[in-house]
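Worksheet: the structure to be examined is printed underneath.
Chain letters run A, B, ... following the sequence lines, proteins first, then strands; residues in each count from 1.
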2 protein chains.
Amino acid sequence: MRRTPAPRPLPPAEDQAARFARQREADRTATAEDYVELIADLLRADGEARAVDIARRMGVSQATVTATIGRLQRDGLVETKPYRGLFLTDAGRDMAQAAKARHELVVRFLIAVGLDAETAEQDAEGIEHHASEAALQAFERFLAARKAGG
Amino acid sequence: MRRTPAPRPLPPAEDQAARFARQREADRTATAEDYVELIADLLRADGEARAVDIARRMGVSQATVTATIGRLQRDGLVETKPYRGLFLTDAGRDMAQAAKARHELVVRFLIAVGLDAETAEQDAEGIEHHASEAALQAFERFLAARKAGG
DNA sequence: TCCGAAAGTTAGCCTAGGCTAAGAAGTGAT
DNA sequence: ATCACTTCTTAGCCTAGGCTAACTTTCGGA
Ligand SMILES: [Mn+2]
Ligand SMILES: [Mn+2]
Ligand SMILES: [Mn+2]
Ligand SMILES: [Mn+2]
């Protein structure tokens, strides 16, 4: 006689608050992750990472890039040589590498569960910032199992 | 002899820019989605949705809730009767319902791929805002197949 | 060498989403 | 009816991340 799908009770307020707080934290680091990842990609592909190119690829004005780079510099992630491009610090390189690994894992995973490549690329750009270590490990396991099992 | 995992070339700048732009768009709507979802949950569970409770559950100050509710009202999603709680407009109810369905689908999916329930709950809170319709459909298919196949 | 185009910065503006502190306004129990 | 408590709003502040317009600096080709 049950018509509705069993309304789950609300989680304890503190738990829920903690989740939202971690959420906000992830949002705050997302921009930095995308920038350093892009900078690393440009360095690899072009040998240099120019602010103009970042602006073009991020779909954002050069002024915005200047401001954001300022924050990344403040946070010890990048160094700049004006008219000579951007460079990653050790911390920046670490973050870039982690971001890239995560990004590609999420893309592979989304494709593996049946998403088309282009949409996977699109969605991964956001999902990557919200997948915990545990989630990434689950994605890895899933990919490994699928490869093994066939 | 290949040592590195084949460096994928950078996507066309315009494509990449479009992805980031959609990303930013999703970020902008995320707060509204979480609020209306919570309001709907509170209405169901408590019969009313008070700003205080939203503040507690969002882990945010009451002043922040007032401001955010103001935006939701401006955008035609909620109505307020001071000291009598919050109510959803038709548009708000629609958004809440969609948000809730998405949220629960993402949780179920994450659990299905091997994530523990608590982490699934946590990660879903962010991932839900970045999963496209196509991704959600892929998640549904995956769950259906798994249930069928065993 | 010079000079226009490209690259980068600066100034000034905006919104979202946070915060604290203080005050106003209901509510409910005595 | 009163009054303490709770709820809500207001004021004033902050940062991130956007924007345009105008300016400065560098680069490279003629
Ligand atoms: Mn991203
Ligand atoms: Mn990425
Ligand atoms: Mn959410
Ligand atoms: Mn949600």
Side-chain angles (χ1 to χ4, degrees), chain A residues 13 17-39 42 46-87 125-126 129, chain B residues 13 17-39 42 46-87 125-126 129:
Chain A
R19 282 178 208 153
F20 283 120
R22 288 179 65 169
Q23 214 34 61
R24 288 190 293 270
E25 183 56 35
D27 282 342
R28 267 196 301 280
T29 57
T31 303
E33 292 170 357
D34 285 339
Y35 267 69
V36 296
E37 186 187 352
L38 214 206
I39 291 168
L42 288 169
D46 301 355
E48 61 177 6
R50 311 294 296 244
V52 227
D53 297 321
I54 294 176
R56 230 185 38 259
R57 298 197 103 94
M58 295 288 303
V60 125
S61 76
Q62 272 184 247
T64 293
V65 170
T66 298
T68 304
I69 293 299
R71 283 189 291 272
L72 297 181
Q73 232 174 330
R74 180 201 60 189
D75 297 341
L77 295 168
V78 314
E79 282 162 6
T80 71
K81 301 184 188 172
Y83 297 91
R84 201 115 295 150
L86 305 169
F87 302 89
E125 201 54 80
H129 308 289
Chain B
R19 283 177 209 156
F20 282 120
R22 288 179 65 170
Q23 212 36 60
R24 289 191 293 269
E25 183 57 34
D27 281 342
R28 267 195 302 279
T29 57
T31 302
E33 291 170 357
D34 285 338
Y35 268 68
V36 296
E37 187 187 351
L38 215 206
I39 291 168
L42 288 170
D46 299 358
E48 61 177 6
R50 310 295 295 245
V52 226
D53 297 320
I54 294 176
R56 232 187 34 259
R57 298 198 103 93
M58 295 287 302
V60 124
S61 75
Q62 272 184 247
T64 293
V65 171
T66 297
T68 303
I69 293 298
R71 285 188 291 273
L72 298 182
Q73 232 175 328
R74 179 201 61 192
D75 297 342
L77 295 168
V78 312
E79 282 163 5
T80 72
K81 302 185 188 170
Y83 297 91
R84 200 115 294 149
L86 305 170
F87 302 88
E125 201 53 78
H129 308 288

Q: Report the distance from atom CD of A:E48 to atom C1' of C:dA6, rounded to the nearest whole Å.
A: 13 Å
Q: Grab the two heavy atoms, one from B:A17 and one from A:R56, that are nearest each other, plus how far apart they are.
A: CB-O, 3.4 Å
Q | Rounded interatomic separation in angstrom, taking CZ from B:R57 and P from D:dT7 | A | 14 Å
Q. Given atom CD1 of A:I69 and atom P of D:dG18, what is their separation to the nearest angstrom?
A. 12 Å
Q. Taking CZ from A:R56 and P from C:dA7, how many angstroms apart are they, rounded to a whole number?
A. 9 Å
**Q.** Minimum side-chain heavy-atom gap A:M58-A:T64 below 4.5 Å
**A.** no
Q: Round to the nearest Å and state the distance from A:R28 atom CZ to C:dC19 atom P.
A: 10 Å
(Q) Rounded to whole Å, how long is the line connecting atom CG of B:L72 with atom P of C:dT15? (A) 17 Å
Q: Map A:G85 and B:T31 onto DNA chain C by nearest heavy atom, then report which one ends up closer to the 5' terminus.
A: A:G85
Q: Tell me which nucleotide among C:dT9, C:dC19, D:dC19 gets nearest to the side chain of A:T66.
A: C:dT9
Q) Looking at the side chain of B:Q62, which of C:dG18, D:dC8, D:dC19 is the nearest nucleotide? A) D:dC8
Q: Ignoring the backbone of B:A63, work out which of D:dC8, C:dG18, C:dA21 is nearest its side chain.
A: C:dA21
Q.
Rounding to an integer number of Å, can you tell me how far B:Q23 CD sits from D:dG17 P?
A. 13 Å
Q.
Does B:V65 reach a base, just sugar-phosphate, or nothing at all? Heavy atoms under 4.0 Å.
A. nothing
Q. Expressed in angstrom and rounded to an integer, what is the separation of A:R50 atom CZ from D:dT26 atom P?
A. 12 Å
**Q.** Closest to side chain of A:A51, choosing from C:dG8, D:dA16, D:dC8
**A.** C:dG8
(Q) Of the listed nucleotides (D:dT26, D:dA16, C:dT10), which one gets closest to any side-chain atom of A:Y83? (A) D:dT26
Q.
If you only use heavy atoms from C-beta on, which nucleotide in D:dT9, D:dC19, C:dG26 is closest to the side chain of A:S61?
A. D:dC19
